[in-house]
Amino acid sequence: MKDYLNGLNPAQHEAVVNTKGPALVIAGAGSGKTRVLTFRIAHLLNNGTRPSEILALTFTNKAAKEMKARIAEIVGSDVAKYLWMGTFHSVFARILRSESEKTGFPSNFTIYDSADSKNLLKSIIKELQLDSAVYKPNQILGKISSAKNDLISAESYKTNNHFITRDRNSKQPETGRIYQIYTQRCKKNSAMDFDDLLLNTNILFRDHLDVLDKYQKRYKYLLVDEYQDTNYSQYLIIKKLAALHHNVCVVGDDAQSIYAFRGAKIENIFNFRTDYPEHKLFKLEQNYRSTQNIVNAANSVIAKNNKQIQKNVFSEKHEGELIDVYEAYTDAEEGYIVANKITDMRMAQQFHYKDFAILYRTNAQSRVFEESLRKKNIPYRIFGGLSFYQRKEIKDILAYCRIVVNPNDNEALKRVINYPKRGIGASSIAKIEAHANHTGQSMWQIVKDFEKIVDIKSSGRLLKPLAQFRQLVLDFVIKNQEINASEIVQIIVKDTGMLKDLYVDKSPEGISRYENLQELTNAVQEFVSDFDALEGSPILENYLQNVALLSDQDKKSEENDYVSLMTIHSSKGLEFKNVFLVGVEEELFPSQMSVHSAHELEEERRLFYVAVTRAEENLIISCAKSRFRWGQVSSPKPSRFINEIDAQYLDWHVGTTSKNFDKKPREYRGNKELKSKQKLPNSQRKLSPISNVQNTSSSSAFKTSTLTNLKTGDIVEHQKFGEGKVIEINIDGNSVVAIVDFKNVGQKQLLLKFAKLKIIKK
DNA sequence: CCGGTGTGGATTTTT
DNA sequence: TCCACACCGG
């Protein structure tokens with residue numbers, strides 16, 4: 001029981017046993033941060049602290065779960081289960097539910113995910129008759145979100161000069177009004193978005209000192225993981241809760257703060273020392289994860305940042321291999337190199353597939369690697385992207401569940417009032433919504449008594465479908481009172497007809513949707529059987545409370561052997577023997593200070609640092625000199641960050657290294673004239689015909705199926721170049737190119753398959 | 001109302 | 001490329 005302290009190094013040991021007073025633990029990458037946190041909690045428990053007096057906040061649900069499991073191993077699960085441990089969002093959602101009399105929200109409030117928020121904003125913007133091209137829902141959502149994270153209410157937003165001028169400059173002067181209506185609408189729907197969970201907690205603690213007092217007393221020890229990624233709202237919650245006991249331990253690494261885009265303030269970790277002058281500082285500097293080369297290389301990059309807490313991260317592992325850098329000609333070749341390398345390394349060094357990860361900046365980059373891996377029959381799994389809970393079929397089921405629990409949830413109602421199709425079209429939905437907003441009722445209240453609405457009654461056509469929908473929901477509500485979450489979900493998928501709908505659909509997508517539906521019912525079943533009596537009963541209400549805050553990462557991964565593909569962001573906290581950091585081009589890892597402010601650049605550098613420090617043994621960085629993106633060819637340069645790594649740690653492989661690579665770079669295919677330019681140095685290389693096309697509309701009217709119909713000799717019309725004659729057509733795998741002689745252009749043009757063409761004469 | 005088709009726009013990153 | 005949306009005809 002006590003021997004957990006033996007395996008710690010001196011710095012870790014200090015950070016574990018000094019449990020009194022504020023503590024700042026700076027934990028370099030791979031320095032055993034989770035160990036320290038878990039042992040610190042275990043140490044508290046072993047020294048007489050009750051588990052319910054400890055509040056530990058993590059960044060993801062997964063981290064919380066894992067940590068709880070590890071603590072349970074030390075102190076036993078009967079103790080560990082009473083710990084308050086979870087993400088900010090889940091813990092404070094729970095508190096907001098139990099303090100519902102004080103919040104103005106019912107305890108069964110719905111949590112809107114970003115899609116719900118966006119939809120709500122969209123309809124508000126439409127209602128206000130504003131142009132949704134100017135008031136882009138995503139942008140507005142971003143503004144509202146950052147305001148909330150800075151604890152700025154709609155009212156103060158509207159009168160704040162800074163925001164007024166900013167919104168005027170961005171031609172969105174009505175943002176404040178939208179914010180206000182959005183807030184009202186959420187309240188009416190009994191819904192909170194992600195930011196509201198934190199904002200309303202702050203409001204609760206501000207306006208109800210008795211409540212604050214209660215939680216201050218309850219939580220004698222606070223621990224916060226990933227402190228560098230907390231926002232102002234979270235910071236303030238911690239500060240208030242810690243005000244009584246001052247036993248607040250924050251753990252983090254300023255070099256890994258990569259969430260500024262969603263409001264994270266790296267300053268929080270810098271300012272901890274001034275916030276708590278009596279704090280103790282612990283630096284975990286030994287990296288147990290990576291080879292010396294990788295650690296040194298990572299250090300050499302992050303050293304270029306100005307804002308940081310000085311530390312000296314070192315490794316005592318073997319020196320290790322140099323970092324390979326590959327500059328491929330094309331994205332396809334980059335994929336090929338990576339897949340080949342995985343096969344080679346696996347054979348030569350007995351690695352498993354699960355020892356490999358491919359990390360990229362954006363989800364869209366995964367496709368090329370998927371293709372190359374599939375070609376070589378390498379098993380892989382993509383993390384992130386469209387998460388399970390964001391899939392249409394899943395959201396539809398959950399929307400029904402949400403209505404059952406909270407009928408005022410308009411967003412859920414709008415989602416399924418006509419799904420499956422029952423003849424309630426967009427205009428009818430708009431009519432109901434307008435009625436609801438007029439009378440200050442929820443849409444469900446209108447639907448419930450739709451016979452009273454003259455407008456609906458007179459048209460007649462809606463009567464039957466509305467009655468049917470109402471009956472369906474009412475049935476669910478009644479049944480739900482007696483049965484558990486799993487049973488009601490079964491009834492919902494069956495009675496709505498969704499189960500049959502998806503079962504009948506035998507297209508690949510239909511099958512996968514059916515499987516997803518099965519997976520969801522399994523998940524609910526699991527929720528029911530795993531349910532701990534401590535947390536109430538396994539009813540739908542309780543299931544829903546978790547589900548909005550879940551993400552794909554929280555789904556347990558099977559034991560299988562596969563290569564992992566994910567964004568750098570989602571790789572944080574993970575480690576792999578071999579890491580491929582791909583697509584490292586300046587388009588995605590910007591290098592121009594003129595475009596990006598200094599602190600944005602520093603954040604990008606930290607992101608790069610995070611990626612590099614995921615690797616234990618081998619790191620391979622790659623980029624492509626020509627990339628096919630959004631239907632167009634671009635010629636990106638390697639990111640500056642590669643050059644910021646000290647050259648002594650690098651091993652460069654420029655150009656094609658794979659002799660077997662049979663595909664020529666994409667932009668040269670099938671065109672003799674261009675082929676000769678291949679040898680030109682990068683700076684002088686011109687892709688003139690293609691770049692001309694780039695300037696035209698990027699519409700993809702010219703579909704592949706149509707394109708294959710194109711023949712040499714056809715007369716076509718191009719939006720920009722006018723009428724012309726096809727003189728050569730080249731179809732090769734998925735790349736299709738036509739050379740066209742345009743009447744009025746005086747130059748033959750090379751058109752890619754996405755060029756906009758109308759066939760005039762065959 | 002609904003489904004098909006054409007069109008235009010968009011891309012970080014996640015609780 | 002994919003997705004959302006507008007438009008049209010049944």
Side-chain angles (χ1 to χ4, degrees), chain A residues 57-64 86-93 111-115 117-119 122 126 132-133 136-139 142 145 149 192-198 226 229-231 233-234 257-264 331 359-368 383-387 389-390 392 418 421-429 459 461-462 465 546 548-554 566-572 583 587-590 596 600 603-604 606-607 610-611 627-632 696-704 706 719 734 752-754 756 758:
Chain A
L57 296 164
T58 58
F59 191 65
T60 63
N61 292 302
K62 192 180 157 209
T87 61
F88 274 88
H89 296 269
S90 63
V91 166
F92 294 111
I111 298 174
Y112 276 176
D113 67 11
S114 3
S117 308
K118 209 176 113 187
N119 286 337
K122 244 190 240 169
K126 205 166 202 171
S132 64
K136 294 189 184 120
N138 270 330
Q139 261 180 36
S145 170
N149 286 333
M192 295 193 200
D193 65 20
F194 289 138
D195 306 311
D196 287 333
L197 295 173
L198 307 174
E226 307 282 10
D229 283 326
T230 51
N231 61 33
S233 195
Q234 292 166 323
S257 166
I258 54 174
Y259 283 97
F261 68 91
R262 72 179 221 217
D331 47 0
L359 306 183
Y360 34 78
R361 181 64 209 272
T362 70
N363 280 313
Q365 288 171 274
S366 68
R367 175 164 297 120
V368 179
F383 295 83
L386 192 56
S387 101
Y389 294 100
Q390 287 168 29
K392 182 187 176 312
N418 197 31
K421 294 242 142 50
R422 50 174 74 87
I424 305 173
S427 55
S428 307
I429 295 174
S459 79
R461 197 155 65 165
L462 277 175
N546 301 315
L549 297 170
L550 285 183
S551 72
D552 241 14
Q553 303 213 350
D554 304 319
M566 66 185 81
T567 63
I568 301 171
H569 279 91
S570 44
S571 76
K572 201 165 87 163
E587 286 179 346
L588 297 164
F589 293 87
H596 298 269
E600 275 173 326
E603 172 144 334
E604 293 296 322
R606 292 194 293 266
L607 188 62
V610 168
R627 191 172 285 281
F628 212 54
R629 291 216 305 158
W630 310 315
Q632 295 171 0
T696 68
S697 152
S698 67
S699 150
S700 58
F702 201 67
K703 287 190 182 157
T704 318
T706 328
Q719 206 181 29
N734 46 13
L752 296 176
K753 66 170 169 178
F754 306 107
K756 194 172 177 177
K758 221 194 264 174

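Chain letters run A, B, ... following the sequence lines, proteins first, then strands; residues in each count from 1.
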- Check side chain to side chain donor-acceptor pair (under 3.5 Å) between A:Thr58 and all other residues, then give those that pass, not counting sequence neighbours. none

- Message: Can you tell me if A:Ser570 touches the phosphate of B:dT14, counting only side-chain N or O atoms and a distance under 4.0 Å to OP1 or OP2?
- Response: yes

- Looking at B:dT13, B:dC1, C:dC2, which one has an atom nearest to any side-chain atom of A:Arg367? C:dC2

- Query: For A:Phe194 and B:dT13, what is the distance between atoms CZ and P respectively, to the nearest whole Å?
  - Reply: 16 Å

- Are OP1 or OP2 of B:dT15 and a side-chain N or O of A:Asn231 less than 4.0 angstrom apart? no

- Does A:Ser428 place a side-chain N or O at less than 4.0 Å from the phosphate oxygens OP1/OP2 of B:dC1? yes

- Message: Checking A:Tyr259 now: which residues fulfil ring pair (Phe, Tyr, Trp, His ring centres under 6.0 Å) with it, not counting sequence neighbours?
- Response: A:Phe59, A:Phe261, A:His569

- Message: Using whole Å, what does the distance between atom P of nucleotide B:dT15 and atom CG of A:Asn149 come to?
- Response: 14 Å

- Message: Would you say the base of B:dT13 stacks on A:Phe261 (centre-to-centre below 5.5 Å, plane angle below 30°)?
- Response: yes

- Query: So which one's nearest nucleotide on DNA chain B is more toward 5', A:Lys136 or A:Asp195?
  - Reply: A:Lys136

- Please determine, for the side chain of A:Lys421, which listed nucleotide (B:dT14, B:dC1, B:dG3) has the closest atom? B:dG3

- Query: Rounded to whole angstrom units, what separation is found between the CZ atom of A:Phe88 and the C1' atom of B:dT15?
  - Reply: 11 Å

- Considering only heavy side-chain atoms of A:Thr567, the closest of B:dA10, B:dC1, B:dT14 is B:dT14

- Has A:Lys572 got a side-chain N or O lying under 4.0 Å from the OP1 or OP2 atom of B:dT14? no

- Message: Just N and O in the side chain of A:Asn61: are any of them under 4.0 Å from OP1 or OP2 of B:dT15?
- Response: no

- Item | Closest to side chain of A:Ser114, choosing from B:dT15, B:dT14, B:dC1 | B:dT15

- From the candidates B:dC2, B:dT15, C:dC2, the one with an atom nearest any side-chain atom of A:His89 is B:dT15

- Message: Whether the A:Thr567 and A:Ser570 side chains hold a donor-acceptor pair (N or O, under 3.5 Å, no angle test) is what I'd like checked.
- Response: yes

- Task: Grab the CD-P distance between A:Gln139 and B:dG9 for me, whole Å please.
- Result: 15 Å

- Message: Can you measure A:His569 atom NE2 to B:dT14 atom P for me and round it to whole angstrom units?
- Response: 7 Å

- Query: Thinking salt bridges, do A:Asp229 and A:Lys572 make one under a 4.0 Å N-O criterion?
  - Reply: yes

- Task: Could you check which of B:dC1, C:dT1, B:dC2 has an atom nearest any side-chain atom of A:Asn418?
- Result: B:dC2

- Task: Can you tell me the distance, in whole Å, between the CG atom of A:Leu462 and the P atom of B:dC2?
- Result: 10 Å

- A:Met192 CE to B:dT15 C1': how many Å, rounded? 15 Å

- Taking atom P in both B:dT13 and C:dA4, compute the distance separating them and give it to the nearest angstrom. 15 Å

Interface polar pairs with nucleotides 5-7 of chain C, N/O, under 3.5 angstrom:
unit_1: C:dC5; atom_1: OP1; unit_2: A:Lys122; atom_2: NZ; d: 3.0

- Task: May I ask you to verify if any side-chain N or O of A:Thr60 is less than 4.0 angstrom from the OP1 or OP2 atom of B:dT14?
- Result: no

- Message: Mind checking if A:Ser90 touches a base, just sugar-phosphate, or nothing, with heavy atoms under 4.0 Å?
- Response: nothing

- Item | Set of residues satisfying side chain to side chain contact (heavy atoms under 4.5 Å, CB included) with respect to A:Asp113, sequence neighbours excluded | A:Ala115, A:Asp116, A:Phe194, A:Lys395

- Item | OG1-CD distance between A:Thr87 and A:Glu226, expressed to the nearest 0.5 angstrom | 12.5 Å

- So, A:Ser145 versus A:Asp195: side-chain donor-acceptor pair below 3.5 Å or not? yes

- Note on the structure: Heavy-atom nearest nucleotide on DNA chain B taken for A:Thr87 and for A:Ile424; more 5' hit belongs to A:Ile424

- List in chain and number order the residues that pass salt bridge (charged side-chain N to carboxylate O under 4.0 Å, His left out) with A:Lys118, two or more places apart in sequence or in another chain; answer none if no residue qualifies. none

- Looking at residues at least two apart in the chain, or sitting in another chain, which of them share a salt bridge (charged side-chain N to carboxylate O under 4.0 Å, His left out) with A:Asp193? A:Lys148

- Task: To the nearest Å, give me how far apart CD (A:Gln365) and C1' (C:dT1) are.
- Result: 14 Å

